[in-house]
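What follows is a set of notes on a single structure, which appears directly below.
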Amino acid sequence: MTTFADLGIRPDIISGLEALGFTAPTPVQEQIIPILLKDPVDIVGLAQTGTGKTAAFGIPLVQLCTPDSRKTQALVLCPTRELCMQVARDLNAFAKNLPTIRVCAIYGGASIDNQIRSLRQGAPIIVATPGRLHDLMRRKEIDLSAIRSVVLDEADEMLQMGFQDELNAILAQTPADKHTLLFSATMPQSVASISRKYMKNPLEITVGTRNAGSENIRHIYYMVHAKDRYLALRRLVDMSPDMYAIIFCRTRQEVNDVADKLGKDGYSADPLHGELSQSQRDYVMQRFRSKSVQLLVATDVAARGLDVTDLTHVINYNLPDDSANYTHRSGRTGRAGKTGISISIIHMREQFRIKEIESKMKRQFELGKVPSGHEVCKKQLLHKIETIKNVEVNHAQLAPFMEAITEALADLDRDELILRFVSQEFASVLTHYQNAPDINVTEKGRGQEGDYKRQESRFSRQDRPESRFSRQDDRERVNFSRFYLNIGEKDGLSPARLIGQINDASRSASIKVGRIEILDHTAMLEADSQFAQKVLEAFQGLKINGRDVEVKTMDAPKGRPAKPAYPGRSGAKPYKSSGSYKPSSSGKPYPSARPSTSAKPYSSTKPSTSGKPYPSARPSSTSTRPAAPARPASAGVPRRGKKKPYSE
């Protein structure tokens, strides 16, 4: 078996590793450490979370530092303050026996004055977030001219969080002869472009399969209706009484909502998101690490970099917007050779997302069945009984009271005592799950105990001869509003994703949607005006592909069907006017600023006297010019290469 000494690591550093409990190097450490210690080169390291990447680059950084110099020689960039603090703690632990090697952590949310004082004392190694480091560079409080090594840890997440400009500014201030190390769990196109731009002939080292998750993690998804998502979460938590998990949500508001519900229902849960102050985040993490809190409800950004051991589960309350983030989420469990379970709670419209993630990770997901109320109660009862059986009894302490206890319980036989005990301990659980329905959804869209019957679909056989166009015209007219988004196809947006987001946020599928237009970087959709506020709230706080989603609304033409018929199609009927909608006398679908009574765009038998397809700026009734001769029957037929004279 390979040892740390075999890799060329100094004894004083090895003693620090042994104090941390490190006995042997991991595969990623075996491959990277000897290369960096012998002849530092640019390296792209692809390995999953929990494989020992920090030690793989941290140990060489500590060993190669010149102890007599106060200048900054190594820089580690991390996407979040949690990861920054964790990496700084690890490097300080590696350098425990090297007092001249100082590691300085630079991150937002903490006093910048204290960080400036620390930098002025000298810091051979700086671990920083891009935003705070860039701020200090603008203040001229940091000197990167002596940098020999730059590490981009979790590079994919840094780009996704929008740190591209800061990275460019920081790397531009570093020496050209430095060597750059890039570490990531996934290798999206954006990370590949970073390696091409800032690295010189990088050596790619991959541990495991590229973009794949850990082999020790079991992936399960449960399909329910969107409104039953929290009910499914409760049952899954109750089925695993010893669960120690992170629950991932999409937005800060959702984190607060889920954590509040869990707290009210008697679970030990805390929220973690970007709006918490640094002291609040530290307090939450201290409680979670000490296992005073069983469940941590968090956003992707807040949870990145958390170094928590022994997590049994990761629960995706909502799937991440970017499929690559699933790898980072699931990597929180199954670390250091242990096994873990990654659970996803989805609804029917998200099935394609599961297939997408399966394809990228090259892993097969299991379709699980949300347990019934009876199964949950049985599991809880047996777990409590097993806990009671394993309790250590101090007979000496209880001996003085045994006579009184025996006398008080003398009237109860064994079965009666058991029933009273169960009623006392499990009254709330039994009440909650009494007559609990089956909330599983099959591919047909109903629970297995639901009332779905194929032969009783809403379009019965006897109704089907009716034309689909007549049904279309009989639908209720909808007043639409237009919503403009600052994201598009390049950000992974699709019509299904837009509609799914609206349905998830509104917890129903009753909001009618009209046209959807998706360009490269922008999108437009039409939705029922009476639900405009709900549509706006659906995208509030949402981040897709690292960009904050912004939505602006504008009223669209009113009074048309949710799916407009197209004029000229065989069988289509003209729109019926309803409410305030009235066609103009000119025959145009919307009134003109100066209507003309002589021109009709759809008329071929009575051409206008002006000979123009559209109303002239000068009405023909006042013109002194002689009337133009009638055009032949083919006058309105468009010719190749010419603009059509009539709208279709």
Under 3.5 Å donor-acceptor, E254 side chain and N318 backbone: no
Check: Y267 main-chain N/O paired with Q294 side-chain donor or acceptor under 3.5 Å: no
Flag side-chain contact, heavy atom, 4.5 Å: M85 against R281: no
Under 3.5 Å: donor-acceptor pair, side chain of E350, backbone of H347: yes
Y283, OH: over 12 other non-hydrogen atoms inside 6.0 angstrom: no
Donor-acceptor under 3.5 Å (Q63 side chain, I9 main chain): no
Residues which pass side-chain contact (heavy atoms from CB on, under 4.5 Å) with D143, listed by chain and number, not counting sequence neighbours: S145
Short side-chain to backbone donor-acceptor contact, D6 and T3, under 3.5 Å: yes
Sub-4.5 Å side-chain heavy-atom contact between L144 and V150: no
All pairs passing salt bridge (Lys or Arg N to Asp or Glu O under 4.0 Å) where residues 94-122 contributes a residue, at least two apart: R120-E141
side-chain contact (heavy atoms from CB on, under 4.5 Å) partners of T312, counting only residues at least two apart: M243, Y244
All side chain to side chain donor-acceptor pair (under 3.5 Å) counterparts of Y326, not counting sequence neighbours: H219, S342
For R148, all residues meeting salt bridge (charged side-chain N to carboxylate O under 4.0 Å, His left out), sequence neighbours excluded: none
Minimal non-hydrogen separation, T66 against Q73, with atom names: N-OE1, 2.7 Å
Whether S330 side chain and T327 backbone form a donor-acceptor pair below 3.5 Å: yes
Atom NZ of K71: over 12 foreign heavy atoms under 6.0 Å: no
Least distance between heavy atoms, L295 atom then F288 atom: C-CE1, 4.2 Å
Residue pairs passing the salt bridge (Lys or Arg N to Asp or Glu O under 4.0 Å) test where at least one lies in residues 125-135, sequence neighbours excluded: D135-R138, D135-R139
Any donor-acceptor N or O pair under 3.5 Å, side chains D282, Q286: no
Closest approach of F57 to L61 (non-hydrogen atoms, all atoms of both residues): O-CG, 3.1 Å
Residues that D42 engages under side-chain contact (heavy atoms from CB on, under 4.5 Å), provided they are two or more places apart: H179, T180, M199, K200, P202
Passing candidate, side-chain contact (heavy atoms from CB on, under 4.5 Å) with Y222, options L236, L233, I315: L236
Contacts of type side chain to side chain donor-acceptor pair (under 3.5 Å), residue T100, not counting sequence neighbours: none
Set of side chain to side chain donor-acceptor pair (under 3.5 Å) partners for T129, sequence neighbours left out: none
Salt bridge (Lys or Arg N to Asp or Glu O under 4.0 Å) contacts in which one or both residues fall within residues 24-40, not counting sequence neighbours: none
Set of residues satisfying side chain to side chain donor-acceptor pair (under 3.5 Å) with respect to H383, sequence neighbours excluded: D242
All side-chain contact (heavy atoms from CB on, under 4.5 Å) counterparts of S279, not counting sequence neighbours: S277
Flag, side chain of N486 to backbone of V549, donor-acceptor distance under 3.5 Å: no
